[in-house]
Number of protein chains: 2
Amino acid sequence: MKLSSKGRYAVTAMLDLAFHSKKGPVPLAEISERQDISLSYLEQLFSKLRRTNLVASVRGPGGGYTLNREPENLFVGEIIQAVNENIDATKCSGKSDCKGGEKCLTHNLWENLSDRISDFLNQISLQELMQKRDVKEVVGRQSCYQSSVIVTDLEKTTIDTKLNVL
Amino acid sequence: MKLSSKGRYAVTAMLDLAFHSKKGPVPLAEISERQDISLSYLEQLFSKLRRTNLVASVRGPGGGYTLNREPENLFVGEIIQAVNENIDATKCSGKSDCKGGEKCLTHNLWENLSDRISDFLNQISLQELMQKRDVKEVVGRQSCYQSSVIVTDLEKTTIDTKLNVL
DNA sequence: TATTTAACCAAGTAAATTAGTCAAGTATTG
DNA sequence: CAATACTTGACTAATTTACTTGGTTAAATA
Ligand code: FES
Ligand code: FES
């Protein structure tokens, strides 16, 4: 079973996107800034999210990504599956053959567990996450810190230097 | 979050033990034979299971391992935790600090998921697993194939050779 | 008492996976 | 055409997994 940072980053990024994509496409650089996720890594993840049609991309200046579906119809389970392959907990990937071609003692247990996890994740929509109080708090905190202008690393150094001079 | 073969092997081995430990201790070599798990790997796992008092060991000839608790009071979650450290799905290990010391957008989601998984695994006892029809089927199949005598690899070769001669 | 049995223990290791980086593109806008 | 921003693929360091090797120690039995 896989649930690693890859999946967690993907859900976090999609939630960020859901909050900020009302006024047109959001560039990955912004999400990277806000959520502390490496830009190149986000690129990889969104490439997969686009291939599964969870997001749409707009190229060129002013471009970025938008959700390809309403937040209330976009479920966490889909996002994880899109980047993480599968959430299956069996060793045999459902083929019932992990003990030399035969079903092992615990196959059904893991199958059952996988179903429960899938049910849970597929039942929670982005919309639902957006409405949680604690998520709103975090977003609020991030809006305070977040600069409306996108700052490159080079520019940041310049600004820091300027501040040091003051 | 971790749920790998390590945890799966541990549960399978413990279930095998539950089925066969009525007449005294079961040596790991038998479990290894029946469940196709490397003996040395089983030793590592059972070392951890013993340290958490889920099993007791008897050394010397006729020795082996026994369950240290009734199957109805021994839960799958405990076994996995004993060998696998934790089933926690958060990135921050519950510390709410994975985004540079602060709580990330999705912390509560993973916390919630972890709770669900724990609940599920801690609610299923070995006893319950033993009573499932499909598990009984697999055990039955294994008893047919299983030789009552423990055969070393060397002896196996000899037997195979003998059969070839016939 | 010697031998066998089986638990116990410590290291090492090959393969896989993760979480990225880096570099060279291509498409779109102004 | 130049700047912006997405796209792609290859590469990498660190970590984890699933083992193996090579022993030592304790108990029973011949
Ligand atoms: S997990 Fe499917 S057969 Fe073992
Ligand atoms: S998972 Fe806990 S703060 Fe991000």
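Note: hydrogens, waters and symmetry copies are ignored here, and every other heavy atom, side chains too, is used. Residue numbers start from 1 in every chain, and the chains themselves are labelled A, B, ... in the order their sequence lines are given, proteins ahead of strands.
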Taken to the nearest whole Å, CZ/A:Arg8 to P/C:dT17 is 18 Å
Expressed as a whole number of angstroms, how long is the span from B:Lys6:NZ to D:dC19:P? 12 Å
Has the side chain of B:Glu43 got a donor or acceptor that lies under 3.5 Å from a partner of the other kind on the base of C:dC8? yes
B:Leu28 side chain: which of D:dT8, C:dA7, C:dT21 is closest? C:dA7
Between A:Ile31 (CD1) and D:dC6 (P), how many Å, whole number? 9 Å
Check the pair A:Thr12 / B:Thr106 against side chain to side chain donor-acceptor pair (under 3.5 Å), numbers first and verdict last. CA-CA 6 Å; A:Thr12 304; B:Thr106 46; 2.9 Å; yes
Can you tell me if the side-chain N/O atoms of A:Ser4 get under 4.0 Å from OP1 or OP2 in C:dA19? yes
Main-chain N/O of A:Ile31 paired to A:Asp16 side chain as donor or acceptor, under 3.5 Å: no
Atom CG of A:Leu45 and atom P of C:dT21 are separated, to the nearest Å, by 12 Å
What does A:Tyr9 touch in the nucleic acid at a heavy-atom separation under 4.0 angstrom: a base, only the sugar-phosphate, or nothing? sugar-phosphate
Between A:Ser5 and A:Gly60, name the one whose nearest nucleotide on DNA chain C is closer to the 5' end. A:Ser5
Proximity to the side chain of A:Tyr41 - top-ranked nucleotide from C:dA7, C:dG20, D:dT17: C:dG20
Is a side-chain N or O of B:His107 found less than 3.5 angstrom from the main chain of B:Lys103, in a donor-acceptor match? no
Rounded to whole Å, NZ of B:Lys48 lies from P of C:dC8 at a distance of 15 Å
Closest to the A:Ser57 side chain: C:dC8, D:dT7, D:dC19? D:dT7
Which class fits the ring pair A:Tyr41 and A:Tyr9: parallel under 30°, tilted 30 to 60°, perpendicular over 60°? perpendicular
Please state how far atom CG in A:Leu3 lies from atom C1' in C:dA19, giving the value in whole angstrom units. 15 Å
Do A:Arg59 and D:dT7 have a side chain to base donor-acceptor pair shorter than 3.5 Å? no
Can you tell me if A:Glu78 uses its side chain to pair, donor with acceptor, with the backbone of A:Phe75 under 3.5 Å? yes
Whether the side chain of B:Arg8 engages the backbone of B:Ile80 through a donor-acceptor N/O pair (distance < 3.5 Å, no angle test) should be reported. no
Can a side chain N or O of B:Arg50 be found less than 4.0 Å away from OP1 or OP2 on C:dA7? no
Proximity to the side chain of B:Pro61 - top-ranked nucleotide from D:dA28, D:dT4, D:dC19: D:dA28
Closest listed nucleotide, where the reference is the side chain of B:Tyr65 and the choices are C:dG20, D:dC6, C:dA7: C:dA7
Taking CG from B:Leu42 and P from D:dA18, how many angstroms apart are they, rounded to a whole number? 13 Å
Determine whether any donor atom in the side chain of A:Gln44 lies under 3.5 Å from an acceptor atom in the base of C:dT21, or the reverse, and answer yes or no. yes
So does A:Ser40 get a side-chain nitrogen or oxygen closer than 4.0 Å to the phosphate oxygens (OP1/OP2) of C:dC22? no
Roughly how many Å is it from CG in A:Leu39 to P in D:dA5, rounded to a whole number? 11 Å
